[in-house]
Amino acid sequence: MSGSWSKLQKALSFRQPKSPPENASSDAKSPPITRPSSAASSSTFSRFTRSFSSTSRSSKRTCAICLGSMKAGNGQAIFTAECAHSFHFSCIANSVKHGNYLCPICRCKWKEIPLMSSFSTDVNTNNAGRTRVSPLEDNYLDNIPRVPPPVSLPLPEPLHFSDDEHLPSITVDQTPSPSTVHPETAVLKAFPEYSAVAASGSMSRFAVLVGVRAPPLADDVRHQERAPIDLVTVLDISGSMAGSKLTLLKQAVCFVIDNLGPSDRLSIVTFSSGAQRNFPLRRMTEQGRREAALAVNAISANGGTNIVEGLKKGVRVLEERRERNPVASIVLLSDGRDTYNGDNANQRRSPRNRRSSNATSGPDFLNLLPSSICPRNREGLAAGQLPTFHVHTFGFGLDHDSSAMHAISDASGGTFSFIETVGTVQDAFAMCIGGLLSVVVQELKLTVRSASRGVEIGSIPSGRYVSEISEQGKQGVINIGNLYADEEKEFLVYLSVPSAEIEQGATKTSLLQITCSYKNTTSEEMVSVEGETVEIRRPPVLSPTDVVISREVDRQINRLAVAETIAEAQQLAEMGNLEAAQAALTNRRATLLSSVSAQAGDALCSWLDMELTEVRERMVSRERYEQTGRAYVLSGLSSHSWQRATTRGDTTSQILLQGGSSSNSGATMYETPSMVSMISKSQNLSLVNRAEQVPRPNKSCNLPPPPS
């Protein structure tokens with residue numbers, strides 16, 4: 001008994017109350033304990049006696065709840081509260097489970113509480129237990145069923161992320177469906193710049209528009225016809241995300257969870273000063289969605305911003321998985337700049353996200369990213385040795401590093417979206433997954449070949465898609481990759497057209513033969529499609545209609561010219577020459593409006609006119625450009641270079657107002673029917689929530705009922 005009392009005295013640094021001597025050493029090893037006052041004195045002392053803890057260094061070695069050792073390396077997680085007192089995580093989580101939200105030592109009311117989520121550890125289901133610190137908000141825990149988990153130690157993060165859930169076994173359905181009996185294929189199209197060229201004439205730069213459109217998804221078998229996806233969300237939970245930003249982000253991620261199918265798999269990675277895998281790669285069955293939502297609800301915001309570590313961990317989830325779905329992608333969201341890597345490492349105290357020193361070429365930390373999302377880092381490796389995972393980035397709010405986010409997406413083959421108003425984050429995610437969940441074509445290659453002697457391919461402006469001209473201009477190949485359902489890609493192929501005398505008086509000249517090959521995501525078989533040969537007439541004398549440019553070609557020329565001018569204006573704006581930037585935009589707009597397609601009321605040209613006007617307004621001053629102009633321009637350039645829809649400011653809210661369809665007119669600029677449908681679903685859900693007067697968006701992340 002005397003030994004226990006001595007231990008108690010040592011742990012508490014307990015002393016009889018008396019005045020310290022005047023010559024007491026100022027560097028005493030243990031600071032004096034402030035004696036509790038009045039009625040609280042007895043209860044506080046009693047609590048200290050039970051806990052064997054104090055504010056001295058001994059509290060770091062002894063848990064005030066179980067009185068056990070908290071020495072590092074003993075295999076138990078340690079939780080340190082905002083009041084600086086530490087406990088075994090399992091001990092304090094069990095205490096919180098019973099409604100104790102105050103520090104057992106100092107009675108401080110915590111803003112963040114430890115919450116233990118219990119997942120099954122059956123290796124066949126690939127679950128993994130995780131413990132998280134959750135914000136203590138009014139009614140927050142009401143969303144989570146209060147089923148007390150067993151008191152157990154939290155599982156550490158595995159050394160290798162090979163714990164992904166097994167893919168479902170594929171059963172062959174012998175009943176033929178209309179889509180399998182008569183499967184739709186991709187559709188090719190082509191339009192020459194002019195319908196005729198004089199027989200005696202020649203042209204060194206004659207444009208031919210070639211395009212490919214993916215087959216649609218049949219409404220009755222949508223899940224069977226698309227490729228299932230392995231999706232990793234890499235989410236910024238730094239201190240700047242606290243409050244409404246984090247609440248809206250949780251709602252958006254839960255929307256994604258609700259719309260994934262049972263063959264799709266999801267993993268959740270978060271980053272602040274470091275990175276953590278919060279949820280393993282699991283199938284989104286009913287149970288999987290439930291546990292994913294629990295993991296999302298347990299996220300809290302604190303710390304700095306380490307984008308590189310977040311991406312590295314997200315890539316590891318995909319690289320180290322045992323099994324693979326046909327489509328794999330990463331979604332990255334951040335509201336700030338990386339404060340730990342590259343140029344930004346010395347700017348951690350910067351109050352706002354302003355111009356990056358590499359606003360054009362991207363941040364220096366790109367060379368720290370894995371080669372599977374940044375192929376330029378593959379030095380010494382075979383070109384096809386590692387797969388490339390597309391990273392779709394989302395700049396959240398007005399303070400994010402748009403240059404870095406655009407550079408990351410561009411290097412990986414993904415898109416960059418600018419979420420100007422934080423309330424539209426769910427719509428932005430909806431547009432992205434609307435496309436990712438509708439992949440029907442993979443490994444698409446579009447091939448054009450010269451169809452006549454003397455016709456040579458000079459150039460193929462293909463944006464960010466890789467194109468190659470070979471055989472001395474006789475063949476050109478564009479590597480497109482994946483296509484969403486009903487998605488369309490158009491390219492201009494510039495040719496040299498010889499005079500007709502070479503063809504010995506022929507009345508027509510064949511220009512190009514067009515073919516494409518791709519993998520069907522349903523059958524996983526390679527499909528080849530041949531288009532019609534592109535021909536032009538060769539009359540002796542041209543008629544007035546022969547010299548009228550094709551509207552289809554003209555509108556594509558306009559699109560490329562507008563994108564090029566916006567890129568030029570952005571370069572001028574980065575150099576501080578906003579006057580020259582605005583002049584370039586004004587001149588391009590005048591040229592656009594005088595074109596044949598614009599004069600004919602072409603919808604794409606009207607859209608391009610609005611885009612030029614909007615960009616010009618966001619370059620009206622240096623402050624406006626820094627605040628929203630750069631991000632708006634970069635998200636637009638990302639969209640044009642990949643011919644794929646992105647969120648630009650608040651444009652997702654305008655899609656339904658413009659008709660909500662992806663017609664050939666291009667009125668909605670690259671949106672597909674699946675994207676529009678998903679955005680509509682998101683916006684309808686938001687309207688329902690507002691009609692029900694839900695106090696917090698997080699309420700829409702309802703957990704499915706537990707299995708009976």
Side-chain angles (χ1 to χ4, degrees), residues 112 115 117 132-145 231-238 240-260 264 266-272 278-279 284 286 288-301 331-335 392-397 400 417-434 436-437 647 650 652-653 655-656 675 677-705:
E112 296 179 341
L115 176 66
S117 299
R132 297 296 297 149
V133 178
S134 301
L136 182 59
E137 300 172 356
D138 295 338
N139 301 322
Y140 172 72
L141 296 178
D142 293 344
N143 288 331
I144 302 179
L231 180 65
V232 180
T233 60
V234 180
L235 309 174
D236 185 346
I237 57 167
S238 59
S240 59
M241 286 290 296
S244 61
K245 279 185 178 181
L246 186 61
T247 302
L248 292 168
L249 175 60
K250 289 181 179 181
Q251 177 193 16
V253 177
C254 285
F255 177 84
V256 173
I257 293 171
D258 290 341
N259 285 280
L260 293 176
D264 301 314
L266 174 71
S267 178
I268 300 171
V269 172
T270 59
F271 65 91
S272 53
N278 303 72
F279 189 72
M284 288 297 97
E286 181 177 335
R289 288 197 300 270
R290 177 179 177 80
E291 295 183 359
L294 282 168
V296 171
N297 282 335
I299 293 172
S300 64
V331 169
L332 168 67
L333 179 140
S334 178
D335 73 332
H392 299 279
T393 62
F394 293 82
F396 197 27
H400 71 277
S417 290
F418 168 37
I419 307 174
E420 184 172 5
T421 304
V422 295
T424 60
V425 60
Q426 180 173 295
D427 292 344
F429 275 19
M431 175 185 285
C432 182
I433 67 167
L436 293 175
L437 298 182
T647 297
D650 298 324
T652 53
S653 62
I655 291 176
L656 299 181
M675 290 180 175
S677 175
M678 194 66 72
I679 295 170
S680 176
K681 187 174 182 179
S682 171
Q683 294 179 348
N684 289 337
L685 178 61
S686 299
L687 290 174
V688 170
N689 287 340
R690 285 196 293 269
E692 294 177 351
Q693 297 182 345
V694 178
R696 293 198 333 274
N698 207 33
K699 289 287 187 180
S700 66
C701 185
N702 294 324
L703 301 178

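These values consider heavy atoms only, across backbone and side chains, with no hydrogens, waters or symmetry-generated copies.
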Trainee: Give, for atom CE of Met284 and atom CG of Leu231, the distance between the pair rounded to the nearest 0.5 Å.
Mentor: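 One gets 9.5 Å once the value is rounded to the nearest 0.5 Å.
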Trainee: Assess whether side-chain contact (heavy atoms from CB on, under 4.5 Å) is satisfied between Leu266 and Ile257, documenting all intermediate values.
Mentor: CA-CA 8 Å; Leu266 174 71; Ile257 293 171; 3.5 Å; yes
Trainee: Supply the atom-to-atom distance Ser680 OG to Leu685 CG, rounded to the nearest 0.5 angstrom.
Mentor: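 Output value for this atom pair is 11.0 Å.
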Trainee: So, do Leu333 and Ile419 sit near enough that their side-chain heavy atoms are less than 4.5 Å apart?
Mentor: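 With C-beta onward as the side chain, the pair touches.
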Trainee: Side chains of Asp236 and Phe396, heavy atoms from C-beta outward: is any pair under 4.5 Å?
Mentor: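 No, too far: nothing below the 4.5 Å cut-off.
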Trainee: Side chain of Lys250, backbone of Ile299: donor and acceptor closer than 3.5 Å?
Mentor: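 Side chain of Lys250 to backbone of Ile299, a donor-acceptor pair under 3.5 Å: yes, one is there.
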Trainee: In a check of side chain to side chain contact (heavy atoms under 4.5 Å, CB included) between Phe271 and each of Ile237, Val234, Leu235, which one passes?
Mentor: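 Result for side chain to side chain contact (heavy atoms under 4.5 Å, CB included) with Phe271: Val234.
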Trainee: What distance separates Leu248 CG from Thr421 OG1, expressed to the nearest 0.5 Å?
Mentor: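 It is 11.0 Å, given to the nearest 0.5 Å.
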Trainee: Is a side-chain donor or acceptor of Ser238 paired with a backbone partner of Ser272 at a separation under 3.5 angstrom?
Mentor: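 Looks like no, no N/O pair under 3.5 Å.
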Trainee: Could you report the tightest heavy-atom contact between Leu246 and Ala301, atom names first, then the distance?
Mentor: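 For Leu246 and Ala301, the tightest heavy-atom pair comes out as CD2-N, 3.7 Å.
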Trainee: Do Leu260 and Arg289 come close enough that some side-chain heavy atom pair is under 4.5 Å?
Mentor: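 They are not in side-chain contact.
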Trainee: Calculate, to the nearest 0.5 Å, the distance between atoms OG1 and CE belonging to Thr270 and Met241 respectively.
Mentor: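 Taking OG1 in Thr270 and CE in Met241, the distance rounds to 11.0 Å.
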Trainee: Could you state the interatomic distance from CZ (Phe255) to CE (Met678), rounded to the nearest 0.5 Å?
Mentor: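 These two atoms lie 5.5 Å from each other.
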Trainee: When you look at Val256 and Val331, which way does the side-chain contact (heavy atoms from CB on, under 4.5 Å) test go after all the steps?
Mentor: CA-CA 11 Å; Val256 173; Val331 169; over 6 Å; no
Trainee: What is the minimum heavy-atom distance between Cys432 and Phe394, and which atoms define it?
Mentor: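 Heavy-atom minimum between the residues: CB-CZ, 3.7 Å.
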Trainee: Could you state the interatomic distance from CD (Glu286) to CD (Glu291), rounded to the nearest 0.5 Å?
Mentor: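 Taking CD in Glu286 and CD in Glu291, the distance rounds to 11.5 Å.
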Trainee: Is the closest side-chain heavy-atom distance between Gln683 and Asp427 below 4.5 Å?
Mentor: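 In short, these two side chains touch, coming nearer than 4.5 Å.
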Trainee: With respect to Phe429, which candidate in Asn259, Leu249, Thr233 satisfies the side chain to side chain contact (heavy atoms under 4.5 Å, CB included) definition?
Mentor: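 Of the listed options, the one satisfying the test is Leu249.
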